[in-house]
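Okay, structure first, notes after.
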2 protein chains.
Amino acid sequence: MRILLIEDEPEMASVLKTALERQDIIVDHAATLADAEAVARLGHHDAVVLDRRLPDGDGLSLIPRLRALHLDVPVIALTALSGLDDRVAGLDAGADDYMVKPFATVELVARLNALHRRSFTTRANQVMVGRLTYDFRHREALVEDQALELPRRERLVLETLIRRPGRTIMRGALEEAVYALDDEIGSNALDAHISRLRRKLDDVAAGIEIRAIRNLGYLLRAAS
Amino acid sequence: MRILLIEDEPEMASVLKTALERQDIIVDHAATLADAEAVARLGHHDAVVLDRRLPDGDGLSLIPRLRALHLDVPVIALTALSGLDDRVAGLDAGADDYMVKPFATVELVARLNALHRRSFTTRANQVMVGRLTYDFRHREALVEDQALELPRRERLVLETLIRRPGRTIMRGALEEAVYALDDEIGSNALDAHISRLRRKLDDVAAGIEIRAIRNLGYLLRAAS
DNA sequence: TCCTGCGTAATGCCGATGCAATCTTCACAC
DNA sequence: GTGTGAAGATTGCATCGGCATTACGCAGGA
């Protein structure tokens, strides 16, 4: 696992870095928001540990900027303040977890591991289900190392489903992923895409099944 | 191949740029360390040519910063100093190669090519798709041992596509490979090159197809 | 000066997409 | 087991936008 530690106090940073590295966690360190953003953009990290009080602003302000770049890296916010308001602010801003200083580093490690496990499948840039590999970096589906050509909508559907194999994706979530907010969508356009996608996956014997969950959504899994 | 040239003397920069471009190398130019770092971070380059004496510091200081960002791009350091100490300093700092001014540009080109090949070690010097063989060492396309003459841009397109046969190359990646940063590219210049390249490949019955992936990019593969 | 490479723009074409009609499957009740 | 209604699946069709192609003019090298 590799994380980005954003913390301006040198001593705190050093202590944390040492503790994390002892747990086999790779730590990149940034002391300012500007640096942090530049580094985070590279997308190398499995998690971000973010101090709120930084020389160039509130750490939380980084989160929406990362999200805007489609960096869905989980974020743990650190703060000296323990008030409920601050906790809410942190989670509102999109932090995935929240720790109040002072805290035991073992707890931070534990939470990082938890986040990592939780998001592991979604963050790898390749996911494999059945005989199908989806490469998020190149945005292509591969069967036996051959690209499977998928048009835009179908590809978006597949991307969304394969991020959480075997889990239900609600219909609304799918629509959000496939259509922009201002794209009005009537009728059953989504169903049609699912249908076409299924057909293509069958044609190449991808060993994948897309199941409808009535009144809820769909899930993708290796065919039994 | 695309490189980042970091050199503050305008004349030197201009001469090198011209010489390299004559060898079909795409050159992005930065005059300061700050600029260079910002551009290098984009990860577009196959190599960095780095002058040591720069207005904002010793060029070598860039290398550890790039490594910290896990940019493993090879670096050739240029210097006016030929002392052993300087050579050691350069290699210590992580430069892959080292040249003392003044030097012959042909030598620089040769070393760049060597580095480039080395960084593609996993890849053969020749790739064959359909009836077409592309020889990266001599930078020529062969059909039945007959060289196929391709102008610069078309060859760059082919090189990029054939590196990953049967896989999608995103439009942006193609543009990066074929054009320098400051080359304004409007309209459909890339499309036009693809079209001309296709025509030439068809003319010699190369047995190759270049497919468009709508909204994404292109893919090259043996014709079915 | 001629020639070739290149970028641009106009035009034509085809695939992707949304829609709607029709068929199939599922859950539940009896 | 079976009937029924609702949700889902599939497919043909018209539309639209992106890609392909080609002609043209410019620029740089022979």
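The sequence lines fix the lettering, A, B, ..., with proteins before strands; numbering per chain opens at 1. Keep in mind it's a predicted model, so treat the numbers as computed, not measured.
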Using atom [atom1] of [X] as one end and atom [atom2] of [N] as the other, report the distance to the nearest whole Å.
X: B/E21; N: D/dA27; atom1: CD; atom2: C1'; value: 15 Å
X: B/K200; N: C/dC6; atom1: NZ; atom2: C1'; value: 11 Å
X: A/R153; N: D/dG18; atom1: CZ; atom2: P; value: 11 Å
X: A/R152; N: C/dG18; atom1: CZ; atom2: C1'; value: 13 Å
X: A/L201; N: D/dT10; atom1: CG; atom2: P; value: 12 Å
X: B/H193; N: C/dA9; atom1: NE2; atom2: P; value: 14 Å
X: B/L150; N: C/dT4; atom1: CG; atom2: C1'; value: 14 Å
X: B/L190; N: C/dC6; atom1: CG; atom2: P; value: 12 Å

#### Entry: Side-chain touch B/I213/A/R139, heavy atoms, less than 4.5 angstrom
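No, their side chains stay 4.5 Å or more apart.
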
### Query
Salt bridge check: are B/D191 and B/R198 linked by an N-O gap of less than 4.0 Å?
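Salt bridge between B/D191 and B/R198, a charged N being under 4.0 Å from a carboxylate O: no.
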
### Shortest non-hydrogen contact from B/P55 toward B/T32
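Shortest heavy-atom contact: CG-CG2, 4.0 Å.
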
### Heavy-atom pair with the smallest gap, counting every atom of B/K200 and B/L150
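That closest heavy-atom pairing would be CD-CD2, 3.8 Å.
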
### Task
Take B/R52 and B/D58 through the test salt bridge (Lys or Arg N to Asp or Glu O under 4.0 Å) and record every step on the way to the result.
CA-CA 5 Å; B/R52 287 198 52 178; B/D58 185 338; 2.6 Å; yes

### Task
Without swapping roles, check the side chain of A/E140 against the backbone of B/T168 for a donor-acceptor pair under 3.5 Å.
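Present.
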
### Query
Can you give one letter per nucleotide of nucleotides 19-25 of chain D, 5' to 3': B if a protein heavy atom sits under 4.0 Å from the base, S if only from the sugar-phosphate, - if neither?
SSBBB--

#### Entry: Residue whose closest nucleotide on DNA chain C lies nearer the 5' end, B/E149 versus A/E149
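Taking each residue's closest nucleotide, the earlier one in sequence belongs to B/E149.
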
